[in-house]
Undergrad: 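There's a structure below that I have some questions on.
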Amino acid sequence: MSEALPLEPNRAERSVLAGKLVTRTFYSRPVLEVARQCIGKVLVRSNPQGVVAGRIVEAEAYRGPEDRAAHSFGGRRTRRTEAMFGRAGVAYVFFVYGMHWHLNLVAGNVGEPHAVLIRGVEPLVGVELMAARRKMDAKRDALTNGPGKLCVAFAITGDDYGADLCRRGPLYLLEGPAPRRIARSPRIGVDYAGSWAARPWRFFDPTSRYVSKPRPAQRLA
DNA sequence: TGAATGATTTACT
DNA sequence: GTAAATCATTCAA
């Protein structure tokens, strides 16, 4: 991308990156708790272009096999969903609408196909690199306020499928200050799931600018 | 083998 | 506000 990058992390950025790794036991719990408590944790991406990191401000729980909104509904186990059936603390990455990647954290015990979709992140480290990838100004909320947008900013693709988030590799999660408040609502974009769509399994920090904006169709509901 | 669709984003009227 | 972009995955046949 840009030849001027990467920049060395500054003092504040180094402080963020010095945080403790989130351990696998955190993920090996009920998916609703994982979704709620991952708000405030810090997602880190490290690759040859540089390091970017951001605070998770919005996430949704998907609890297969009973949850009709989950890709693992009905116990569907395929090449795509396989990661959700394995150990917790790895990345479940998938491609939708012919153009967007989405990142999930695998949760629960082995054999329980649960996952947490990351929908919004507040930039903390490498904002200029994110802006270059997004081809927009670094100050805009739209940089990382949606599941597909943040995957572009973090350069997350199918290559990250199954990545272990519990060690300092290309993609991992660090502890961060807990938010003052956590709000919840129904999940976005899962109207096909009948009554499951009404369950308040979306969690977010209501004070953050980087929570995703509802689409027109959502606004009417 | 083919048709339908989606855990969305962007551009445009 | 609406529509286009664009393709892996899924399911039916």
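Computation of the quantities below employed the complete heavy-atom set of this structure, encompassing side-chain atoms and omitting hydrogens, waters and symmetry-equivalent molecules. What you see is a predicted model, and the numbers here were worked out from it, not measured in a lab.
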Undergrad: Base, sugar-phosphate, or nothing for His100(A), non-hydrogen atoms under 4.0 angstrom?
TA: base

Undergrad: Let me check I have this right: for DNA chain B, each base becomes ., (, ), [, ] or |, based on Watson-Crick or G-U pairs with both distances under 3.5 Å. What is the full string?
TA: ||||||.|||||.

Undergrad: Is it true that Asp141(A) and Lys149(A) make a salt bridge, defined as a side-chain N closer than 4.0 Å to a carboxylate O?
TA: no

Undergrad: Are the ring of Phe94(A) and the base ring of dA7(B) both nearer than 5.5 Å at their centres and tilted by less than 30°?
TA: no

Undergrad: Give the rounded distance in Å between these two atoms: CD1 of Ile188(A) and P of dT9(B).
TA: 10 Å

Undergrad: Within the 4.0 Å limit for protein heavy atoms, which parts of nucleotides 6-13 of chain C are touched? Write it as a string from 5' to 3', B for base, S for sugar-phosphate only, - for none.
TA: BBSSSS--

Undergrad: Please lay out, stage by stage, how Glu66(A) and Arg63(A) fare under the test salt bridge (charged side-chain N to carboxylate O under 4.0 Å, His left out).
TA: CA-CA 7 Å; Glu66(A) 70 270 23; Arg63(A) 199 177 71 187; 2.7 Å; yes

Undergrad: Distance under 6.0 Å and angle within 45° of the ring axis: does Arg29(A) meet both against Tyr27(A)?
TA: no

Undergrad: Using side-chain contact (heavy atoms from CB on, under 4.5 Å) as the criterion, list what pairs up with Tyr172(A), not counting sequence neighbours.
TA: Leu21(A), Val44(A), Arg168(A), Leu174(A)

Undergrad: Decide whether Arg76(A) and Thr81(A) meet the rule of one side-chain donor and one side-chain acceptor closer than 3.5 Å.
TA: no

Undergrad: The test is side-chain contact (heavy atoms from CB on, under 4.5 Å); show your working for Glu58(A) and Arg202(A) and say whether it passes.
TA: CA-CA 7 Å; Glu58(A) 178 181 358; Arg202(A) 169 176 178 251; 2.8 Å; yes

Undergrad: Run the ring-ring contact (aromatic ring centres under 6.0 Å, His included) test against Phe26(A) and tell me which residues pass, sequence neighbours left out.
TA: none

Undergrad: Would you call Arg180(A)-Asp205(A) a salt bridge at under 4.0 Å N-O?
TA: no

Undergrad: Tell me which residues in residues 108-120 of chain A lie within less than 4.0 Å of DNA chain B, going by non-hydrogen atoms.
TA: Leu117(A), Arg119(A)

Undergrad: Inspect the contact between Asp164(A) and Arg24(A) and indicate whether a charged nitrogen and a carboxylate oxygen are less than 4.0 angstrom apart.
TA: yes

Undergrad: Give the minimum heavy-atom separation between Ala142(A) and Asn145(A), together with the two atoms involved.
TA: CA-OD1, 3.3 Å

Undergrad: Near DNA chain B, which residues from residues 144-161 of chain A have a heavy atom under 4.0 Å away?
TA: Gly146(A), Pro147(A), Gly148(A), Lys149(A)

Undergrad: Considering non-hydrogen atoms only, spot the tightest contact between Gly75(A) and Pro65(A) and give its length.
TA: N-CB, 3.3 Å

Undergrad: Starting at CZ of Arg199(A) and ending at C1' of dA7(B), how long is that distance when rounded to a whole Å?
TA: 17 Å

Undergrad: Are His114(A) and Tyr62(A) near enough that their ring centres are under 6.0 Å apart?
TA: no

Undergrad: Taking the six-membered ring of Tyr92(A) (Phe, Tyr or Trp), confirm whether the NZ or CZ of Arg80(A) is under 6.0 Å from its centre and within 45° of its axis.
TA: no

Undergrad: Taking only side-chain nitrogens and oxygens of Arg134(A), does any of them come within less than 4.0 Å of OP1 or OP2 of dT10(B)?
TA: yes

